[in-house]
Protein chains: 2
Amino acid sequence: MKIGELSRATGTNIETIRYYERIGLLPEPDRTAANYRSYGDPHRARLTFVRHSRELGFTIEEIRSLLDLSDDPARDCSEADRIASRHLAQVEEKIAQLTLLRDELTRIVGRCRGGVAADCRVIEALGDHGHCESAH
Amino acid sequence: MKIGELSRATGTNIETIRYYERIGLLPEPDRTAANYRSYGDPHRARLTFVRHSRELGFTIEEIRSLLDLSDDPARDCSEADRIASRHLAQVEEKIAQLTLLRDELTRIVGRCRGGVAADCRVIEALGDHGHCESAH
DNA sequence: TATGCACCCTGTAGCAACTACAGGGTCAAG
DNA sequence: CTTGACCCTGTAGTTGCTACAGGGTGCATA
Ligand SMILES: [Zn+2]
Ligand SMILES: [Zn+2]
Ligand SMILES: [Zn+2]
Ligand SMILES: [Zn+2]
């Protein structure tokens with residue numbers, strides 16, 4: 001399969017596929033006589049793994065570790081568990097942070113009664129954290 | 001006040017202050033005889049506005065628009081309201097997205113029972129979105 | 001007077017994870 | 001034989017900083 005086909009099969013931008021190869025996340029595929037990249041099913045599975053992990057928010061380096069692990073089927077899987085748990089914790093923290101932000105923004109947006117910039121409570125609130133109710 | 005003092009007064013990295021000047025977010029300050037930047041209270045207020053807005057998640061371009069607005073006190077403030085509301089909507093969307101992610105990750109992490117990588121349900125789940133319960 | 005040290009300057013390069021060209025080659029259909 | 005779709009490499013841009021390298025300035029101390 002050529003790169004365009006792999007791109008369509010996995011919903012991945014062609015440039016992104018080449019990028020993953022360049023950084024060593026995907027192995028270099030064979031080439032045709034015309035120097036075109038030629039992929040097989042293992043490549044497709046690996047790229048699917050990468051894209052799905054990215055959609056779940058894992059970083060490239062985390063994915064690299066997870067791939068190393070799955071390349072070595074006899075290894076203990078506890079590292080995968082640790083990586084996923086740590087990532088979950090980060091997502092939970094990010095949610096907590098954004099929730100604080102959302103509450104603060106809701107308060108700020110609600111203060112505007114229209115008028116000129118000089119009197120705008122939104123602009124005033126942005127210039128002074130003292131008007132905030134949380135540490136955000 | 002010199003840049004180090006402004007840095008301490010606002011909790012902003014010195015390099016960041018110079019960066020904001022370079023991209024035109026902060027005006028070029030006067031210079032001392034030794035070519036050191038020299039700031040006054042209006043600079044401090046402006047930088048405080050920028051930092052607080054950044055902490056609330058506004059982009060540099062949004063902050064640029066908000067600053068333009070507050071530089072022109074007679075202007076109608078509805079644009080500020082629009083920018084803040086749109087940002088709030090984005091934050092809410094991000095929270096919704098991360099919540100889906102969190103639920104999916106929780107499910108995935110919960111599947112690991114230990115053992116070798118070949119049998120790991122975490123690695124299996126990462127390689128196949130078919131195991132997911134939401135669109136995340 | 002020398003010298004150490006904290007501070008300041010400019011300019012450039014790096015981070016994450018892509019994305020977007022420019023400038024060229026390949027191949028099948030009409 | 002040309003048109004169009006596809007492929008190649010290499011480089012530069014995105015966002016919002018951060019980290020030097022390689023220099024200059026200013027004040028206190030030995
Ligand atoms: Zn207003
Ligand atoms: Zn605040
Ligand atoms: Zn496992
Ligand atoms: Zn999924």
Side-chain angles (χ1 to χ4, degrees), chain A residues 1-26 28-39 43 46-67 83 86-87 90-91 94 97 101 126, chain B residues 1-26 28-40 43 46-67 83 86-87 90-91 94 97 101:
Chain A
M1 157 178 30
K2 282 188 284 178
I3 200 169
E5 234 177 308
L6 180 64
S7 166
R8 281 184 298 274
T10 61
T12 312
N13 198 320
I14 287 179
E15 328 261 49
T16 304
I17 298 174
R18 288 198 280 247
Y19 167 70
Y20 288 158
E21 181 185 326
R22 205 162 54 242
I23 64 171
L25 210 56
L26 298 182
E28 294 186 20
D30 289 343
R31 298 288 181 128
T32 67
N35 200 33
Y36 289 4
R37 287 172 179 81
S38 176
Y39 298 97
H43 290 101
R46 198 176 177 90
L47 179 52
T48 299
F49 184 101
V50 170
R51 287 311 300 165
H52 192 222
S53 301
R54 286 290 301 128
E55 277 158 22
L56 288 165
F58 290 92
T59 67
I60 298 279
E61 287 316 306
E62 285 167 341
I63 295 170
R64 210 188 285 281
S65 302
L66 290 165
L67 282 170
I83 292 172
R86 191 188 53 197
H87 179 50
Q90 281 165 3
V91 169
K94 188 83 196 172
Q97 210 181 90
L101 229 68
L126 291 176
Chain B
M1 137 178 54
K2 281 189 285 180
I3 199 167
E5 234 177 309
L6 180 63
S7 165
R8 282 185 298 276
T10 61
T12 313
N13 197 319
I14 287 179
E15 328 261 45
T16 304
I17 298 175
R18 288 199 280 247
Y19 167 71
Y20 287 160
E21 181 185 327
R22 204 161 57 241
I23 62 171
L25 211 55
L26 298 182
E28 294 186 22
D30 289 343
R31 298 289 182 128
T32 68
N35 199 33
Y36 289 5
R37 288 172 178 81
S38 177
Y39 297 98
H43 290 101
R46 197 173 177 92
L47 179 53
T48 299
F49 184 100
V50 170
R51 288 310 300 164
H52 192 222
S53 302
R54 284 292 300 129
E55 278 159 20
L56 288 165
F58 289 93
T59 67
I60 298 279
E61 289 314 306
E62 285 167 340
I63 296 171
R64 208 187 286 281
S65 302
L66 291 165
L67 283 170
I83 292 172
R86 192 188 51 199
H87 178 51
Q90 280 164 3
V91 169
K94 187 86 194 168
Q97 206 182 96
L101 229 67

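All of these numbers come straight from a predicted model, not from anything done at the bench. First the proteins, then the strands, lettered A, B, ... as listed; each starts at 1.
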Q.
Donor-acceptor check, side chain of B:S7 to backbone of B:T12, threshold 3.5 angstrom: yes or no?
A. yes

Q | Side-chain ion pair, A:E61 and A:R64, N-O less than 4.0 Å | A | yes

Q | Backbone of A:F49 reached by a side-chain donor or acceptor of A:S53 within 3.5 Å | A | yes

Q: Take the protein atom CD of B:E62 and the nucleotide atom P of D:dT15, then report the distance between them rounded to whole Å.
A: 12 Å

Q. Is any side-chain heavy atom of B:M1 closer than 4.5 Å to a side-chain heavy atom of B:H43?
A. no

Q.
Looking at B:L56, is its backbone amide N or carbonyl O close enough to the side chain of B:H87 to form a donor-acceptor pair, meaning the two atoms are under 3.5 Å apart?
A. yes

Q: Would you kindly give the CD1-to-P distance between B:I3 and D:dT18, to the nearest whole Å?
A: 13 Å

Q.
Consider side-chain contact (heavy atoms from CB on, under 4.5 Å). Of A:T10, A:I63, A:L66, which one does A:V50 pass it with?
A. A:I63

Q | Where protein sits on nucleotides 16-28 of chain C, one letter per nucleotide: B base, S sugar-phosphate only, - none, heavy atoms under 4.0 Å | A | -BBBBB---BBS-

Q: Flag the pair A:E15 and A:R18 as a salt bridge only when some basic side-chain nitrogen lies within less than 4.0 angstrom of an acidic carboxylate oxygen.
A: yes

Q) When all nucleic acid strands are considered with a 4.0 Å heavy-atom cut-off, which category describes B:I23: base, sugar-phosphate, or nothing? A) nothing

Q.
If the helix axis at each end comes from five base pairs, how far does the helix from C:dT1-D:dA30 to C:dG30-D:dC1 deviate from straight, to 10°?
A. 30°

Q: Would you sort out whether A:Y39 and A:L47 count as a side chain to side chain contact (heavy atoms under 4.5 Å, CB included), showing the intermediate values?
A: CA-CA 11 Å; A:Y39 298 97; A:L47 179 52; over 6 Å; no

Q) Within this structure, what is the CG-to-C1' distance between A:N35 and D:dT9, rounded to whole angstrom? A) 9 Å

(Q) Strictly below 4.0 Å: does A:R37 bring a side-chain N or O up to OP1 or OP2 of D:dC7? (A) no

Q. Considering the options A:R51, A:R46, A:R54, which one meets the side chain to side chain donor-acceptor pair (under 3.5 Å) requirement together with A:Y20?
A. A:R51

Q. Separation of A:R8 atom CZ from D:dA5 atom C1', in whole Å?
A. 10 Å

Q: Starting from C1' on D:dC7, measure out to CG on A:D30 and report it in whole angstrom.
A: 16 Å

Q) B:I14 CD1 to C:dG11 C1': how many Å, rounded? A) 17 Å

